[in-house]
Amino acid sequence: MAQDGYVVAVVGAGLVGERLVSELRRREFPVSELRILARTARTTEIAGETFEVGVAEPEAFEGVDLAFFAGTEGEKGAAVQLSGAAIERGAVVIDNGSDFRLDDEVPLVVPEVNAEALDSHKGLVANANCSTTQMVVALAPLAREFGLKKVVVSTYQAVSGSGREGVEALENGREGVYPKPIERNAIPLIGSIGEDGYSTEETKMRLESRKILSHPDLEVFATTVRIPVHTGHAESVYVELGREVSKEEVLEAFASAPGIVFSGDANDFPTPLEAAGEPGTFVGRVRVEGDRVGFWCVADNLLKGAATNAVQIAESLIERSLLGQKARV
Ligand SMILES: N[C@@H](CC=O)C(=O)O
């Protein structure tokens, strides 16, 4: 690290790229130089700052300590083409795309849950899918305290999870983004349907949760639904635990867990509108019966679901002395 901070690159200037810049600033991440890279060079304004966007090509990573790839859902992300070039030049890459998340060589990290997975990184760290991230933050204290046997989740996902196109589909009726109109509707298909009948989003929730929670056999049944909300994913989660619990035990587990903003009062439930712009994972509507727990959780999909988690990963790398070329040789 240079005396006054790290040379940081953000690849991608879409909704997640913008949030990455504002989170780096808001969290006062030590940055000596911030490079924004994209397919084409241009001037852009992000979070009140003007940036000369450079072209994302191998040479652009010369001297970079940390490269965030904002990631693109549904197509191969820039990280597939460029993460190797960045790593060769000494950067640690944090990828928000889905290409490397299930690679055994790549830690998939939600710092409140499995920061220790960073210790084995080989230059590339994956950021989880937004719907998975908020769920595992909420599941982690239950897993730690009581054990997990089965999870059934239904999601209510905001259009900004599809990037600017999703927002345009809601605000301007842009066609071709979703299989059916999103305005005044609910679409139970996110991504594409696989041969097993699950959507790609549902499969991500199952496989990514297993990896992050280090629970390879965890049963996870997801139904993922797009709804006409701008920002903030909500989830209804049903969990079967390893033992019977009291409601007090569960409330205490949520209330003391890192990253959770807990609405202990059943009348005070979180909604996407309140979560939008906030970095935490909001949990409420807790119900407990024997070894079964139901709850509601909400988070800003662009913040905890993407940018905030990515910057927290970078902060954890620093805390663990894992950022910078010397730390990796
Ligand atoms: N796959 C999510 C985006 C999160 O990364 C969505 O489509 O909402």
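All figures in this text were calculated on a predicted structure; none of them were measured in a lab. Both counts, for ligands and for their atoms, begin at 1 and track the order of listing.
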*Give yes if a backbone or side-chain nitrogen or oxygen of S131 is under 3.5 Å from a nitrogen or oxygen of ligand 1, and no if not.*
no

*N/O to N/O below 3.5 Å, does that happen between N129 and ligand 1?*
yes

_Over-ring placement of R206 relative to Y198, 6.0 Å and 45° cut-offs_ = yes

_Name the residue from F146, W296, F262 that meets the ring-ring contact (aromatic ring centres under 6.0 Å, His included) definition with F254._
F262

*How about R210: does its CZ atom have over 12 heavy atoms from other parts shown lying under 6.0 Å from it?*
yes

*Winner among E201, Q157, R226 once heavy atoms are compared against atom 7 (O) of ligand 1*: R226

_Are T155 and E202 packed together at the side-chain level, in the sense that at least one heavy-atom pair is separated by less than 4.5 angstrom?_
no

*Between I190 and ligand 1, which residue portion shows a heavy-atom distance shorter than 4.0 Å: side chain, backbone, both, or neither?*
side chain

